[in-house]
Trainee: 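Next up is a structure, given as structure tokens.
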Amino acid sequence: MAGLLCGTKRKKQVSDLHEEGKNAINTPMLPSGTEIHPEDTMLEENAERNMLDPTSRENPKFKDLQRVLIDWINNELEEDRIIVKGLEEDCYDGQVLQKLFEKLSGRKLNVAEVTQSEIGQKQKLQTVLEAVNELLRPHGWSIEWSVDSIHAKNLVAIVYLLVALAMHYLAPIRLPEHVSVQVVVVKKREGILQTSHVTKELTSTTEMMMGRFERDAFDTLLDHAPDKLNVVKKSLITFVNKHLNKLNLEVTELESQFADGVYLVLLMGLLENYFVPLYNFFLTPENFEQKVHNVAFAFELMQDGGLKKPKARPEDVVNLNLKSTLRVLYNLFTNYKNSE
């Protein structure tokens with residue numbers, strides 16, 4: 001009799017699950033192409049679950065954002081011999097997130113190195129996310145992730161977390177701007193599943209993401225008077241060539257020719273009338289790090305000359321961010337325009 005009752009109970013649970021899935025599929029609000037998995041229908045009353053819309057998963061900008069984040073993580077954790085291939089499969093158990101946070105923060109977290117069980121993985125995630133939240137929350141970050149969402153391989157939550165860390169630590173990468181995804185929210189109300197679409201903005205503009213909220217003349221210029229941009233660029237090219245020509249150098253394109261920092265270093269020497277020893281910078285930089293070193297060194301020379309610290313980051317200039325390069329050069333122009 002007990003076995004019969006258990007069998008009947010299991011059949012009813014299966015029937016209820018099938019019915020809930022059927023209701024979800026037939027719900028008018030359900031976006032076409034969205035796949036409802038059995039676990040997504042097993043919700044308590046008033047509970048909800050979020051799923052990434054399939055069309056957003058294939059969005060080229062979203063894929064590009066994931067690629068940039070993966071490359072960044074692999075670069076940061078190269079010494080640990082950790083290679084991330086996919087964010088969902090490699091970040092859900094907390095191991096990669098632990099190592100990444102420790103590398104970025106310089107802190108050692110008190111967690112087990114290897115955790116195979118689900119309980120152990122969630123305990124590690126709990127410790128890591130508590131440290132992350134403690135770091136980010138005072139700076140106004142919205143916490144869009146949780147232990148359960150990360151462990152459930154929620155790609156949107158994982159990307160939110162990584163973007164926040166990259167922005168907070170001013171990672172030397174260029175995140176794709178204005179990346180948004182559509183998320184399907186499944187809620188259970190009175191035993192019936194209801195679905196809706198919610199847009200999640202993962203990135204905004206480079207300057208907003210890096211915390212530089214002050215707008216200046218170049219924001220206005222690029223946003224509202226792009227036709228005047230060429231006039232400004234010609235003036236700056238004339239200014240820099242007036243000095244670089246002394247070394248038989250010539251600039252024709254501002255965005256790319258200053259990206260490796262060499263011309264910036266040489267220009268500062270010319271403006272301040274001193275020779276910059278070649279051992280202080282890379283005359284023929286071969287990689288990203290050497291280019292960043294050159295631009296950062298040029299910034300130091302600017303500050304030594306009495307100029308304010310540039311608003312741009314060296315990485316912005318190396319990454320061909322035109323607005324950042326223009327700001328740096330215009331600062332030189334306003335201070336040295338009368339120099340011979």
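Positions are given from 1, in the same order as the sequence printed here. As the structure is a prediction and not an experimental result, all values here were calculated from the model.
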Trainee: Please lay out, stage by stage, how L165 and W72 fare under the test side chain to side chain contact (heavy atoms under 4.5 Å, CB included).
Mentor: CA-CA 11 Å; L165 286 173; W72 170 55; 4.2 Å; yes

Trainee: Where do N59 and V181 land on the side chain to side chain contact (heavy atoms under 4.5 Å, CB included) test, with the steps shown first?
Mentor: CA-CA 8 Å; N59 185 313; V181 293; 5.8 Å; no

Trainee: Test F281 against every option in V295, V276, D260, L264 by the side-chain contact (heavy atoms from CB on, under 4.5 Å) rule and name the one that passes.
Mentor: V276

Trainee: Just verifying a value: how many Å separate I150 CD1 and Y160 OH, rounded to the nearest 0.5 Å?
Mentor: 12.5 Å

Trainee: Does atom CD of E79 have more than 12 heavy-atom neighbours from other groups under 6.0 Å away?
Mentor: no

Trainee: So, applying side chain to side chain donor-acceptor pair (under 3.5 Å) with H151, which one of K124, Q121, K122, Q126 is it?
Mentor: Q121

Trainee: Does a salt bridge link K61 with D64, judged by any charged N lying under 4.0 Å from a carboxylate O?
Mentor: no

Trainee: Going by atom types only, do T55 and D53 share a side-chain donor-acceptor pair under 3.5 Å?
Mentor: yes

Trainee: Looking at E78, I'd like to know if its CD atom is crowded, meaning that more than 12 non-hydrogen atoms belonging to other residues, nucleotides or ligands lie closer than 6.0 Å.
Mentor: no

Trainee: With a 6.0 Å cut-off (strictly less than), is the heavy-atom count around CD1 of I119, excluding the residue itself, greater than 12?
Mentor: no

Trainee: Is it the case that the side chain of N331 and the backbone of R327 share a donor-acceptor pair, with hydrogens and angles ignored and the cut-off at 3.5 Å?
Mentor: no

Trainee: Could you tell me the separation between the CG atom of L125 and the CD atom of Q95, rounded to the nearest 0.5 Å?
Mentor: 10.5 Å

Trainee: Do N133 and W145 meet the criterion of a side-chain donor-acceptor pair at a distance under 3.5 Å?
Mentor: yes

